[in-house]
2 protein chains.
Amino acid sequence: MEDSARQGNTRERLLEVSAELFRERGFHATSMRDIARVAGMRPASIYHHFAGKETILQELMRGFLGELLSTAQSAAAQAGDAPGRLAAVVRAHMRLHAACATVALVTDTELRALQGPARQEILALRDRYEEIVQDILRQGMRDGVMQVTDIKIASYQLLAMGTGVVFWWRPDGRLSLEEVVEQYVLAAYRLCGVHP
Amino acid sequence: MEDSARQGNTRERLLEVSAELFRERGFHATSMRDIARVAGMRPASIYHHFAGKETILQELMRGFLGELLSTAQSAAAQAGDAPGRLAAVVRAHMRLHAACATVALVTDTELRALQGPARQEILALRDRYEEIVQDILRQGMRDGVMQVTDIKIASYQLLAMGTGVVFWWRPDGRLSLEEVVEQYVLAAYRLCGVHP
DNA sequence: CAATTAACCTAACGATCGTTCGGCAGGGGA
DNA sequence: TCCCCTGCCGAACGATCGTTAGGTTAATTG
């Protein structure tokens, strides 16, 4: 089945187009006719590749959060003290959010559009991501190299800060990606009370 | 016109109901029929109080951002060094976000739903809010009591962190509001490199 | 008391929504 | 050659959308 390449291209193209439209207008303000028009096909043809509109959103979120989770787990699993692990997670987080800025923004802003089991599944992925950060904070506190008043609040502050980058960062901006990444690593260190 | 109280009540009730529904389902997933049903009236009656659905959202955002801006300006205008002004702004920000958690969340997540001049107006209010923070950071750098690598990025980090509180804070939560407020003041100090 | 107006109603408009049905073109396998 | 399957299409379904026109009620005003 060498035509799976063509199918894969169409599927992937539909996902990209949908993500772009969801980011610009929001999930509910984007119609299947909009997606079809930009993708160069008719609305009915989309249903050959996806079961429905919400399925497209699910696939986008599952893909992004899954990748975010696996890269964060790899980063957190590498040997080192808590600050080193935190820095690795922040760098992985930032680079993936920069590489997938569109779908990252959609994932963070359209959680309300999901319903039923898919919503629970996505929320579970997000919770696991939070726990990675909180585990590092606990280790840092235990080792006496981090000073935070409340681990949960500190993790919320870290995640809100790190997620917010998709709202302003642009690849052609004033600062290079790696400069921005290192500023967020420094900010994370400061938030956690890591002594420089 | 003592019946202005009744009209004011209905208008205010419609605003509250709309904010609650916009927060739960999002602006585009909320219909005028939904709003009318929860408010105990018929869809057509809403148009006696508002020109249309988007007008309701505009009014919610204008009201919240206007109040946020005025309280922040008062906080920033009080005499004191940069850290003192920053702490005052953070406290005002947190207390207003806690008091108006619903409309605060709507304001932060439904900007895409606004179009035309109203969108520009709301964006201008948000920009003025950013500038308040950036002015304080500039003063802190000038006085040598703050250490940030980039003022714009630092302000984005601060605002993302401070805005994110609406996504997890609940009035009946584990910590009192003032405890949370002071943790965010401490976090802001750390982010800005204020020496303790 | 007459006139006005605010507040709300019923009913319906045209548009658009997500989705489905049945069919058409064409290439690969038997 | 025949068949089937993939990919796409035209057309339409029922539902729901934001909004409006016009009427009714009750309170206020002059």
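Every chain is numbered from 1, with letters handed out A, B, ... down the list of sequences. All values reported here derive from a predicted model rather than from experimental measurement.
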Where at least one partner belongs to residues 125-136 of chain B, residue pairs that pass salt bridge (Lys or Arg N to Asp or Glu O under 4.0 Å), sequence neighbours excluded: Asp135(B)-Arg138(B)
Ignoring backbone atoms, establish whether Thr10(A) has a side-chain N or O less than 4.0 Å from OP1 or OP2 of dC8(D). yes
Using a cut-off of 4.0 Å between protein heavy atoms and nucleotide atoms, how would you tag nucleotides 17-23 of chain D 5' to 3' with B, S and -? BBBBB--
Atom CZ of Arg13(B) and atom C1' of dC8(C): how far apart are they, to the nearest Å? 15 Å
Figure out the CZ/P separation between Arg42(B) and dT25(D), and round it to whole Å. 16 Å
Gap between atoms NE2 and C1', on His48(A) and dT19(C) respectively (whole Å): 14 Å
Can you name the residues that form a side-chain contact (heavy atoms from CB on, under 4.5 Å) with Tyr47(A), not counting sequence neighbours? Met32(A)
What integer distance in Å separates Met41(B):CE from dT25(D):C1'? 14 Å
Please determine whether salt bridge (Lys or Arg N to Asp or Glu O under 4.0 Å) holds for the pair Arg62(B) and Glu121(B), giving the CA-CA distance in whole Å, both sets of side-chain angles, and the decisive distance to 0.1 Å. CA-CA 9 Å; Arg62(B) 225 192 317 260; Glu121(B) 175 196 346; 2.8 Å; yes
In short, salt bridge (Lys or Arg N to Asp or Glu O under 4.0 Å) pairs touching residues 74-88 of chain A with sequence neighbours left out are none
Could you work out, with side-chain hydrogen bond (donor to acceptor under 3.5 Å, both in side chains) as the rule, every residue matching Glu178(B), not counting sequence neighbours? Arg95(B)
Pairs touching residues 148-165 of chain B that satisfy salt bridge (Lys or Arg N to Asp or Glu O under 4.0 Å), sequence neighbours left out: Arg174(A)-Asp150(B)
Whole angstrom is fine here: how far is it from NE2 in His49(A) over to P in dT6(D)? 12 Å
